[in-house]
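Below is one structure, written out as C-alpha cells; the observations come after it.
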Amino acid sequence: MLSKVKREAKELLLKALGDVEAEVTLEEPRQGYGDLASPVCFTLARQLKKPPAKIAEELASRIDVAGARFIKEVKALNGFINFYFNYEALAEALVEEILEKGEDYGKGEAKGEKIILEHTSANPDGPLHIGHGRNAILGDALARILRFAGYEVTTQYYLNDMGKQLAVVVLGLRTLELDRAKKPDHAIAEVYVKANKMVEEREELQQELSSLMRAYEAGDERVVEEFKSAAEYCLQGITATLERLGISHDMITWESEFVRRGDVDEVVERLRSTKYAREDDVLYLDLEEFGIEKELVLRRSDGTYLYATRDIAHHLWKAKLGKLINVWGADHKLLAAQLSAALRILGEEEPEFIIYEFISLPSGRMSTRKGVFISLDELITEAVFRAYEEVAKRRGDASEEFKRSVAEKVGIAAVRFNIVKVSPEKAMVFRWEEALDFERQGGPFLQYAYARATRILEKESPPASFEVHELTDNERALVKLLAAFPEVVESSAKQRKPSMLASYLLELATAFHRFYMFDPVLKSEFKDFRLNLVNATRTVLGNAMKLLGMPVLERM
RNA sequence: GGACUCGUAGCCUAGCCUGGAUAGGGCGUCGGCCUUCUAAGCCGAAGAUCGCGGGUUCGAAUCCCGCCGAGUCCGCCA
C-alpha cells in the first residue's frame, strides 16, 4: 500500500518537473517534515544554477494535488519537497486490504525461484550451544521470510558424519557408558569430552581413531552401523531442541553420501584437469588468482580427501536443486571463499553466504570438545523459568496450566528475538544477566502488544463498515507502519536481513502501545474505525512475528 | 605478518549496501502516569567529538584512503 502512495508522489513530482530531467528519489523523513520527502532539488541545483530552496518552492507550487488519492498536501522546506498524506483515504483503503488478505497481507508474488537454505549443520558430537542457536534462529527466520516473500525454500541440515568428532564419539562409545537417562545430545557430549581426553592422553588410541575413520569411509558395515546410530542418537536431541524453538529442516544430508556415491572422485578429477591444479605428493588448487593466498588441498598424500573437497562435491550436487544460500559461522569465511573459487573454476554457480560472527562467553570462546559452552537447552530452560516467575508475579491467580504455557511461549520468543534483532556481523558476548533480562523492547513487548489487541477484540468485534474520522497522530503512525509491511518483507528478504523485520516489529509494537495508551477504543466515538484498526494491527503483528518464528499469545 | 568483520552515550543496539533537514531505540540513572480496553505498558529529564586523521561532495555515521583498537581465520582438522 505504501508503494502505491510512493508511486503517486513520484508521478506528481515528475509531472511538475515537466521536461526537466532528474532522478526522483523519495525517502521517509524524520518527524515534522511530512510523510515522504524528496531531495531532488539538491541535484537540480547545479543543473539549473539556482539554490535548492528556490527550486523546491517553484516545484512545490507547480504540484497539483487535486487529482491525487493519497497525497493531500505538498510543501517546500529547506530545499526538500515534503509530501503529506491523506491519512483518512489511506486508512480506509489499508484497513480494508489488511482485513481482506489476513494472513496473506504482506505476502510477495511467487518468484518462481527455488532456494536451498543450509543452516544449523552442527556436528553430531553434542547439543547445540548458543552459537549454533544463532545460526539456527537466523536461518529459520530467513527461511520463513523468503517463503513469505515468494521464494520456494527448502531448508537443509548438512550432517558432518565423516569428521574426527563423530569418530571420537564412536570410539568412546565402545568403552564408555552412555547415560540413557540424559537427553541424547547431552549424553553424547559427555562421551565426546571424555573420549577426547583419552585420545589426547593415549597415543595408541590415535591410531585406532584413524583406522576407524578409514573403515567408515570404506563402508565397513559394522562401523557404518556404529557411526549411524551414534549420529542419529545425537540428532534426536538436537532436533528436539530445534523443535521446541519451532525450527525444522526439510532435509538432512549426510556428508558420507558424497564419498560413497563417487561424487567426490568425480569432482576431484574435474578440478585436476584445470590450470589451477598442482600435484606433488598432495593434490591442491592454487587460488592466488582469486585473492586467496592459502592453497586448497584436495587430496592428502595418503590419498584421502578432506572436508573441503567433500563440500565441493556436496555443493555441486545441491546446486542442481536450486539457488544456494548457506548460513555459516565467521570461522568458515576462508572455507567459503575457497569453496566459491573452486566452484567458479568449474563454471558452477557459487552459493551465497550469510556469515554470522561468534557468540563468546566473557571467559572466551566456547568449545564442545572441552565441554566449555552454554547449551541452547540451558538458555531456553532459564528463559522459560524466568518467564514463569514473571507470569506468576503478574497473574498469580491464573491456572498452573496457563502460567506454564505462557512462560514457554514468552521464553521462546525472548530467546529468538534477542538473537534475531542484532545484525549477524556483530560479535556477541553472552552474559546471563543480559540474556534473561526481558528488556522493554524484546520478545515479550511484541507479544504483549498482540495480546492487548486481542483482548480488545474479544470484548467487541469490529463492524464490517466504519467511517474514518480525522486521525490522531498515534493512529497516523500506526497506519503508516501497517502500510509499509509488504515493503519491509520484500527488502528484508532481498537483503537477507531478518533484523530489518525485527526493527520493524519494534516500531509497530511501540506505535500500538502508544495508541493504546492515548486513544481509547471501546469508549471512543470512533469505536467502529478503531476496532478495525486494532484488528488490522493485530493481523500484521501476527504475520510479522510468525516470520521470526515467535509464538503469539492471546493473553499473557 | 596477511585476509575478512566490527568500532555509534556508563553498557547494548538501529541506521551504513542505495550520502540529505535536529543520529532512532533499549538497559542503567532521575522524575511522573493504574476509579478508564491487562503498567510485560506510557510520558518526561540527563547522557553521543557516530574510534582517530585525511579525501570526495552543495551535503558524510553512511562512499574512498591511511592509522588505531577488538574479534575471526590463515592444519595434508572438520
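Lettering follows sequence order; numbering is per chain, from 1.
Taking only side-chain atoms of F42(A), from C-beta outward, the nucleotide of C42(B), U72(B), G20(B) with the closest atom is G20(B). Proximity note for K333(A) (side chain, C-beta onward) versus A40(B), A78(B), U5(B): the nearest is U5(B). The side chain of L522(A) has C37(B) as its nearest neighbour among A21(B), C37(B), G26(B). Listed nucleotides: C76(B), U5(B), A21(B). Nearest to the side chain of E357(A): U5(B). With C76(B), U72(B), A40(B) as the choices, the nucleotide that has an atom nearest any side-chain atom of F438(A) turns out to be A40(B). Comparing U13(B), C37(B), U18(B) against the side chain of V521(A) picks out C37(B) as the nearest. Of the candidates G15(B), G20(B), A40(B), the closest approach to any side-chain atom of F80(A) belongs to G20(B).
One donor-acceptor pair, N or O on each side, does fall under 3.5 Å between the base of A21(B) and the side chain of N82(A). Put simply, the side chain of D302(A) and the base of C76(B) share no donor and acceptor less than 3.5 Å apart. A donor and an acceptor atom sit less than 3.5 Å apart, one in the side chain of Y33(A) and one in the base of U22(B).
Taking the six-membered ring for Trp and the full ring otherwise, F445(A) and H513(A) have centroids separated by under 6.0 Å.
In this structure, C27(B) shows a glycosidic angle more than 90 degrees from zero, which is the anti conformation.
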Check nucleotides 33-36 of chain B for protein N or O atoms closer than 3.5 Å to its own N or O atoms and list the pairs.
| from | atom 1 | to | atom 2 | distance (Å) |
| --- | --- | --- | --- | --- |
| U36(B) | O2' | K523(A) | NZ | 2.8 |

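Between the side chains of K294(A) and Q338(A), not a single donor N or O lies within less than 3.5 Å of an accepting N or O. When only modelled atom types and interatomic distance are considered, Y192(A) and Q165(A) share no side-chain donor-acceptor pair under 3.5 Å.
The residues R260(A) and E217(A) are annotated as not salt-bridged, no charged nitrogen and carboxylate oxygen being separated by less than 4.0 angstrom.
By the 6.0 Å contact criterion, CD on E458(A) is enclosed, its count of non-hydrogen atoms from other residues, nucleotides or ligands being greater than 12. No more than 12 heavy atoms of other residues, nucleotides or ligands shown are found within 6.0 angstrom of CD on E23(A).
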For residues 367-374 of chain A, tabulate all N or O donor-acceptor pairs below 3.5 Å that involve a side-chain atom, not counting sequence neighbours.
| from | atom 1 | to | atom 2 | distance (Å) |
| --- | --- | --- | --- | --- |
| S367(A) | OG | R369(A) | N | 3.4 |
| S367(A) | OG | K370(A) | N | 3.0 |

